[in-house]
Amino acid sequence: MTDLHAHLRSRLLDAIAGLGVERTAAESCVRLEPPKNRDHGDVALPAFQVAKLAGKAPPALAAELASRVTADDVVESATAAGPFVNFRFRRTALARAVLGAIQSGAAPYGKAAPNGQVVCIDFSSPNIAKPFHIGHMRSTTIGNALCRIHRHVGATVHGINHLGDWGMPFAKMMTAYMRWGNEQELHAQPMRYMFELYKRYGREVKENPGLDAEAAKHFQALESGADNVERRMWQLLRDESLKAFQGPYTRLGVTFDHITGESFFEDKMAGAMQRVTASGVLEQSEGASVVWLKELGIKEPCILQKSDGTTLYHTRDLAAAFYRETTFHPTRILYVVGAEQKLHFDQLKGVLTKMKEPIAAAVEHVPFGLVLSKTDDGKWEKFASRSGNAVFLDEILDEAVAKVRGVIREKNPDLLGADQVAEQVGVSAIVFNDLKNSRIKDVKFDWDSMLQFEGETGPYVQYACARLSSILRKAEAPVPAVAAIDLELLADAERVLLTMMDFGTAVQKAAEQSEPSHVTGHTIALAGEIHSYLREHYVVGQEPRIRDARLVLVDAARSLLATGLGLLGITAPDRM
Ligand code: ARG
């Protein structure tokens, strides 16, 4: 919340109290939003909830509030429009509050004070011994952005990598390695090599279905807890995979607070099973232990233990939920996992709900759509494989960087630190493209459009930042304090200032709805507004009073764009 919002909010609460409504009851009902149409005002209050409290019709209440919130040195006007009240701030107050807060790093532009929330974010979580594919990239970028966004709004965040390092999929990989593997080749190119083995398993199991039984045996041996060949093999493959994943994680600027994969819950599943049994919801079905969830509208039961005694993906997620509950006391647990696992998370939440576990309420699946690529005949299809070959994230990042390097060589051959800029811009283009639209939508992976320097792209926003940095360099004057400039001179920067004012709302919505696209959208809007402003307003070469006022604006825009990009996990180069 900016100072403007805080001021208006308190004026509104006074006005509402004047209508005889209990102040504490009104507090949660006063939510100021950007109006649908900026011509109507700077912020709007939807009056529905307050009207309910006051026992009046929303339009009548809106009119009453509009007349009670009279002009002062912050609020210029209040007008009712149906069930909404639209407010306009005085332009100097707007500039002072927004630019002052950005300059001093006050919330919402800087990190907010603790908001009392503890958010566990389960993200990335690739399966080891399988390629780090494009689906995991989405979970990684969305989860990384959500960690940063929640920290910004004041939550205590636990970013968790729930690695797939246990269970049958892993046992199959291990079986392939034990049959055909070679340690030298593994060390030379771990991910590629494991992927070849994984494919070979897929081919051979068709001829020899006995392989699956062999894998099941190996898994049993692994789960026995004994120090055996399987255990050593598990350690080797896990170490190699983690080392290989570190490459893309570093390039994407991703870190985790906890790398607690499925194997971490090995010794916690028995306890979890006891808890399910004690709650009385566990049933036997064809030798397996299951929880039926029909009464919750879920047709398929959640299987927690197979007839051979081994556990499943669900068992580990259940143990993980209990572990997180006692270790972190989370208010929310976000599982950033593709939409294709909806049933899995419905079942997980279902079991906890049926057990009457309070943590059930915290469990939230944060699904997202697929990545699509264009076929030769122009159709979009799932970006799974190119001629049966997995697409490794590292290679995609390399390709993006190489393309950007080519553009730089052509357009700006003398650029300082060109390789580093190419890395920043290339990687960010992919991340930005991923976070641009509402996450549930499929992402179109198309080099040409995501690498454009115009339009809604990462390079466009980064370029805006670099351009602002360049103005600050060329101005040959330091950026003055907000208090030292004539704010009247920024009267025609109102669109830039209003967009800056909306930042807090965008970040708040992103946190509440697990939707980084609100932040992406804000960076695009701000880059667009400052570009248009600068088309008609020069900074360099202007008389000092004008130059100084504009310098403050330019510096604030640069800093806020960098903050927004930072929340998305993207860096802002000073030159490009
Ligand atoms: N390893 C899983 C996969 O690749 C994703 C795990 C997501 N997190 C979880 N707690 N289930 O499909």
Side-chain angles (χ1 to χ4, degrees), residues 124-133 136 160-246 256 258-274 287-289 303-320 323 344 390:
S124 192
S125 310
N127 297 322
I128 67 170
K130 267 209 217 172
F132 194 136
H133 64 74
H136 291 118
I160 304 172
N161 190 340
H162 188 78
L163 272 188
D165 59 358
W166 207 248
M168 270 305 276
F170 177 74
K172 289 180 185 176
M173 176 67 223
M174 182 163 74
T175 306
Y177 185 81
M178 287 164 102
R179 280 191 158 231
W180 313 302
N182 164 316
E183 192 156 344
Q184 244 172 4
E185 287 189 59
L186 175 72
H187 289 311
Q189 259 204 318
M191 290 326 282
R192 275 267 157 229
Y193 184 61
M194 283 192 252
F195 183 58
E196 291 310 321
L197 286 174
Y198 167 81
K199 279 200 296 191
R200 180 159 173 194
Y201 185 98
R203 280 195 308 271
E204 301 221 4
V205 75
K206 286 195 195 116
E207 310 290 313
N208 175 10
L211 274 182
D212 277 347
E214 197 176 315
K217 271 224 181 68
H218 286 313
F219 184 46
Q220 247 176 335
L222 183 62
E223 276 215 314
S224 75
D227 180 14
N228 49 24
V229 181
E230 282 83 359
R231 174 78 30 181
R232 284 192 291 279
M233 199 61 38
W234 170 79
Q235 192 68 51
L236 171 71
L237 296 175
R238 185 179 193 274
D239 290 349
E240 285 298 322
S241 305
L242 266 181
K243 255 192 265 166
F245 293 151
Q246 200 47 54
F256 299 95
H258 315 276
I259 301 186
T260 40
E262 294 187 38
S263 66
F264 179 78
F265 299 99
E266 185 189 354
D267 62 354
K268 298 171 184 66
M269 284 186 280
M273 288 306 287
Q274 275 164 16
S289 302
I303 307 175
L304 291 173
Q305 197 158 32
K306 288 205 252 183
S307 51
D308 65 3
T310 52
T311 58
L312 296 103
Y313 182 40
H314 263 129
T315 330
R316 291 180 281 285
D317 257 326
L318 194 65
Y323 173 79
H344 173 81

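F264 pairs by the side-chain contact (heavy atoms from CB on, under 4.5 Å) definition with T260, K268, Y323, not counting sequence neighbours. Applying the ring pair (Phe, Tyr, Trp, His ring centres under 6.0 Å) criterion to H258, with sequence neighbours excluded, gives H158, F328. Residues forming a ring pair (Phe, Tyr, Trp, His ring centres under 6.0 Å) with H162 (at least two apart in sequence, or on another chain): F265. Considering only residues two or more places apart in sequence or on other chains, N228 meets the side-chain hydrogen bond (donor to acceptor under 3.5 Å, both in side chains) condition with none of them. Every side-chain contact (heavy atoms from CB on, under 4.5 Å) that E266 has, sequence neighbours left out, goes to W166, R231.
By the 4.5 Å heavy-atom criterion applied to side chains, M178 and E230 are counted as neighbours. Contact annotation: the side chain of L186 approaches that of L237 to within less than 4.5 Å [non-hydrogen atoms, C-beta and beyond]. Contact check for Q220 versus T310: side-chain heavy atoms found under the 4.5 Å cut-off. P126 places a side-chain heavy atom less than 4.5 Å from the side chain of L163. Residues F170 and I128 form a side-chain contact, since some pair of their non-hydrogen atoms from C-beta on lies under 4.5 Å apart. Put simply, the side chain of R238 reaches to within 4.5 Å of the side chain of S263, judged on heavy atoms. Put simply, the side chain of M173 does not reach to within 4.5 Å of the side chain of Y201, judged on heavy atoms. Two residues are said to be in side-chain contact when any heavy atoms from C-beta on lie closer than 4.5 Å; E240 and M194 meet this criterion.
Rounded to the nearest 0.5 Å, atoms CE (M174) and NE2 (H218) are 6.0 Å apart. Here the straight-line distance linking atom CG of L312 with atom CG of L304 works out to 7.5 Å at 0.5 Å rounding. Going from atom CD of E262 over to atom CG of D317 covers 7.0 Å, rounded to the nearest 0.5 Å. Here Y313 contributes atom OH and L318 contributes atom CG; the two are 13.0 Å apart, rounded to the nearest 0.5 Å.
Here the rule is side-chain hydrogen bond (donor to acceptor under 3.5 Å, both in side chains) with H187, and of Q184, E183, Q189 only E183 fits it.
Between H314 and H344, the angle of the ring planes stays under 30°, which puts this pair in the parallel group of the 30/60° scheme.
A salt bridge (Lys or Arg N to Asp or Glu O under 4.0 Å) check over residues 216-228, counting only residues at least two apart or in different chains, returns the pairs D227-R232.
When all heavy atoms are compared, the tightest approach of S224 to A221 is OG-O, 2.6 Å. Counting all heavy atoms, side chain and backbone alike, A215 lies closest to M168 at CB-CE, 3.9 Å.
Taking a cutoff of 4.0 Å between a charged side-chain nitrogen and a carboxylate oxygen, E214 and R179 qualify as a salt bridge.
A donor-acceptor pair shorter than 3.5 Å cannot be found between the side chains of N161 and S124.
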Would you sort out whether D165 and W234 count as a side chain to side chain contact (heavy atoms under 4.5 Å, CB included), showing the intermediate values? CA-CA 8 Å; D165 59 358; W234 170 79; 4.2 Å; yes
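Checked by atom type and distance alone, the side chain of Y193 pairs as donor or acceptor with a backbone atom of N182 at under 3.5 Å.
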